[in-house]
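Just so it is clear, the structure is predicted and the values come from calculations on it, not from any experiment. Heavy atoms only: backbone and side chains are in, while hydrogens, waters and symmetry mates are out.
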Amino acid sequence: MTATPGPGTPASAAAATAAAAGPRPCRRSPLAPTEKDRTDANVRMAVTVEEAPWLGWIVAKALMRFAFMVANNLVAIPSYICYVIILQPLRVLDSKRFWYIEGLMYKWLLGMVASWGWYAGYTVMEWGEDIKAIAKDEAVMLVNHQATGDVCTLMMCLQDKGPVVAQMMWLMDHIFKYTNFGIVSLIHGDFFIRQGRAYRDQQLLVLKKHLEHNYRSRDRKWIVLFPEGGFLRKRRETSQAFAKKNNLPFLTHVTLPRFGATNIILKALVARQENGSPAGGDARGLECKSRGLQWIIDTTIAYPKAEPIDIQTWILGYRKPTVTHVHYRIFPIGDVPLETEDLTSWLYQRFIEKEDLLSHFYKTGAFPPPQGQKEAVCREMTLSNMWIFLIQSFAFLSGYLWYHIIQYFYHCLF
């Protein structure tokens, strides 16, 4: 659902140019700061009188954005829950149609989150292979993890990839279960995984059962996975110590991935004919025709100056407009080894390549061109302002409607 933003919106001029010109050599992102730059930034003087009005505007804008986000959540999430409850008879009569409608509402909710960043000027530039071509196939995205903003970035850049967001399953840290969006993810069928050695084996068994019961029965197509198992800043030292102990490459911009969840997903979803039906869960009706998992999408997220965006920045918008860069590389599932030892080596190799990609990006401001090409091209991802207006209007109208319905029944009962 790609459209050029209307006049007066963030990044609209750039988006219009991109739409007219198509893929093109990209402008370079600011380089990662040196140690001296960081030191200089840390010793800047206090806010001057001239800067005070600007700082006041930043604070006022952040407060207004926070108020809108709260209002947005208060109308959109309860409305989603109410629609899901009232549609339960349809789930019994026609499960496929129920999950199709639920997926649309889920996509709209993620679109609202994406719009918070879009109107703050946080946009996405996409590099590498075009994943729209495989939007209707089953795929797993392997993504490097730097901050909470990675999730928001993916919510934005996947909005124009056809049915992907509606049919997507996220694997995320269990702490997200207790956020405002946790109930939505639980209903949709996302999986919350507990980190730590003590929980590892048990969580992998739970993941296997979750895929068997929820993946194909809910017509899911894509899975988003962060194989590093945590944020870069939290895992880097542990990963480097493990690499040194086991004679593995020393990585700075990513950490060595954990292969457990990836291994479970591949074993559960790669199509194998067993007793005449494909593996991977409850396959009824049209699901029986599934060709299984077909693609692995190696996804690398890079932030200018190696400064990732967190969820607070995404909501409050106090950081200057920023272009986040996302690089895709697609692997056919037939090229991915399924044996544990070979899969581990294959995953390590992918993250070594991510390290090279990010090193190149932070030195030059651009990702390297594909092999055999002289210059890399990129695509500027855009959101339709009219579409954002429509889904936000639907959310607030729905909130108003459900409030009066619930109020009516409350007065009838009490």
* Asked: More than 12 non-hydrogen atoms from neighbouring residues, nucleotides or ligands closer than 6.0 Å to CD1 on I86, yes or no?
  -> no

* Asked: Would you say E126's side chain and M381's backbone share a donor-acceptor pair under 3.5 angstrom?
  -> no

* Between H188 and V184, is there a donor-acceptor pair closer than 3.5 Å when you use the side chain of the first and the backbone of the second? -> no

* To do: Mind listing the closest non-hydrogen atom pair of T123 and M156 along with its distance?
  => CA-SD, 4.1 Å

* To do: Please test F176 against W170 for ring-ring contact (aromatic ring centres under 6.0 Å, His included), starting from the C-alpha separation and ending with a verdict.
  => CA-CA 11 Å; F176 285 99; W170 296 77; 9.3 Å; no

* To do: State the CG-NE2 distance between L358 and H325, to the nearest 0.5 angstrom.
  => 11.5 Å

* Asked: Going from CE on M169 to OG on S185, what distance comes out if it is rounded to the nearest 0.5 angstrom?
  -> 11.0 Å

* To do: Check the pair M155 / V165 against side-chain contact (heavy atoms from CB on, under 4.5 Å), numbers first and verdict last.
  => CA-CA 8 Å; M155 287 180 180; V165 176; over 6 Å; no

* Asked: Is the closest basic N to carboxylate O distance between E353 and R350 below 4.0 Å?
  -> yes

* In sequence, state the C-alpha distance, the side-chain angles, and the governing distance for T344 and Y348, and then conclude on side-chain contact (heavy atoms from CB on, under 4.5 Å). => CA-CA 6 Å; T344 303; Y348 283 168; 3.8 Å; yes

* Indicate yes or no for a side-chain donor-acceptor contact from N214 to the backbone of L211 under 3.5 Å, with no hydrogens or angles considered. => no

Side-chain atoms of residues 399-406: list all donor-acceptor pairs with protein atoms under 3.5 Å, sequence neighbours left out, distances to 0.1 Å.
unit_1	atom_1	unit_2	atom_2	d
Y400	OH	H404	NE2	3.4
Y403	OH	Q407	NE2	3.4

* What are the two closest non-hydrogen atoms of R319 and E307, and how far apart are they? -> NH2-O, 2.8 Å

* **Chi angles and distances behind the side-chain contact (heavy atoms from CB on, under 4.5 Å) call for F389, N385** => CA-CA 6 Å; F389 172 78; N385 294 297; over 6 Å; no

* For atom NZ of K61, decide whether the heavy atoms of other residues, nucleotides or ligands shown that lie under 6.0 angstrom number more than 12. => yes

* Asked: So, does Q167 use its side chain to make a donor-acceptor pair with the main chain of G103 at under 3.5 Å?
  -> no

* To do: Please confirm whether the backbone N or O of G128 pairs with a side-chain atom of R379, one donor and one acceptor, at under 3.5 Å?
  => yes

* Please answer whether the main-chain N or O of L357 pairs with a side-chain N or O of Y362 as donor and acceptor at a distance below 3.5 Å. => no

* Asked: Applying side chain to side chain donor-acceptor pair (under 3.5 Å), which residue pairs with at least one partner in residues 74-83 are found, sequence neighbours left out?
  -> Y80-E102, Y83-S398

* Which atom names give the shortest non-hydrogen contact between M141 and T299, and what distance separates them? -> CE-OG1, 3.1 Å

* Asked: More than 12 foreign heavy atoms under 6.0 Å from OH of Y100: is that the case here?
  -> no

* So with a 6.0 Å cut-off around CE of M64, is the heavy-atom count from everything else above 12? -> yes

* Take atom CZ of F66 as the centre, draw a 6.0 Å sphere, and report whether it contains more than 12 heavy atoms from other residues, nucleotides or ligands. => no

* **Modelled atom types, side-chain donor and acceptor of D219 and W99, under 3.5 Å** => no

* Side-chain H-bond candidate by donor/acceptor type, D356 with S359, under 3.5 Å -> no

* **Any donor-acceptor pair under 3.5 Å from T322 side chain to K320 backbone** => yes

* **Donor-acceptor under 3.5 Å (Q240 side chain, L251 main chain)** => yes

* Closest heavy-atom contact between K354 and N144? -> NZ-N, 4.0 Å

* Geometric cation-pi criterion, K245 with F242: 6.0 Å, 45° -> no

* **Residues, nucleotides or ligands: over 12 heavy atoms within 6.0 Å of Q88 CD** => yes

Contacts under 3.5 angstrom, residues 254-262 side chains, donor-acceptor by atom type, not counting sequence neighbours:
unit_1	atom_1	unit_2	atom_2	d
T255	OG1	E228	OE2	3.3
T255	OG1	R235	NH1	3.0
R258	NH1	Q195	OE1	3.3

* Structure fact -> Between Y328 and C157 the two heavy atoms that sit nearest each other are OH-SG, 3.5 Å

* **Y106 side-chain N/O to M168 backbone N/O, donor-acceptor pair under 3.5 Å** => no

* **Test item: W346 side-chain N/O and E341 main-chain N/O as donor-acceptor pair under 3.5 Å** => no

* Asked: Of L186, I175, D173, which meets side-chain contact (heavy atoms from CB on, under 4.5 Å) against F192?
  -> L186

* For I391, what residues pass the side-chain contact (heavy atoms from CB on, under 4.5 Å) criterion, not counting sequence neighbours? -> W108, M112, W387

* **Minimum side-chain heavy-atom gap I134-W222 below 4.5 Å** => yes

* Please identify each residue that fulfils ring pair (Phe, Tyr, Trp, His ring centres under 6.0 Å) with Y408, with sequence neighbours left out. => none

* To do: Assign the ring pair H174 / Y178 to parallel, tilted or perpendicular, where the plane angle (0 to 90°) is split at 30° and 60°.
  => perpendicular

* To do: Kindly assign one of parallel, tilted or perpendicular to the pair F367 and F361, based on the angle between their ring planes and the thresholds 30° and 60°.
  => tilted

* Can you sort out the partners of Q203 under side chain to side chain donor-acceptor pair (under 3.5 Å), two or more places apart, ordered by chain and number? => none

* Counting only heavy atoms not in Q202, do more than 12 sit closer than 6.0 Å to its CD atom? -> yes

* Taking the inter-plane angle between the rings of F68 and F396 on a 0 to 90° scale, is it parallel (under 30°), tilted (30 to 60°) or perpendicular (over 60°)? -> tilted

* Output, in order, the C-alpha distance, side-chain angles, deciding distance and verdict of side-chain contact (heavy atoms from CB on, under 4.5 Å) for V270 and L338. => CA-CA 9 Å; V270 173; L338 299 182; 4.3 Å; yes

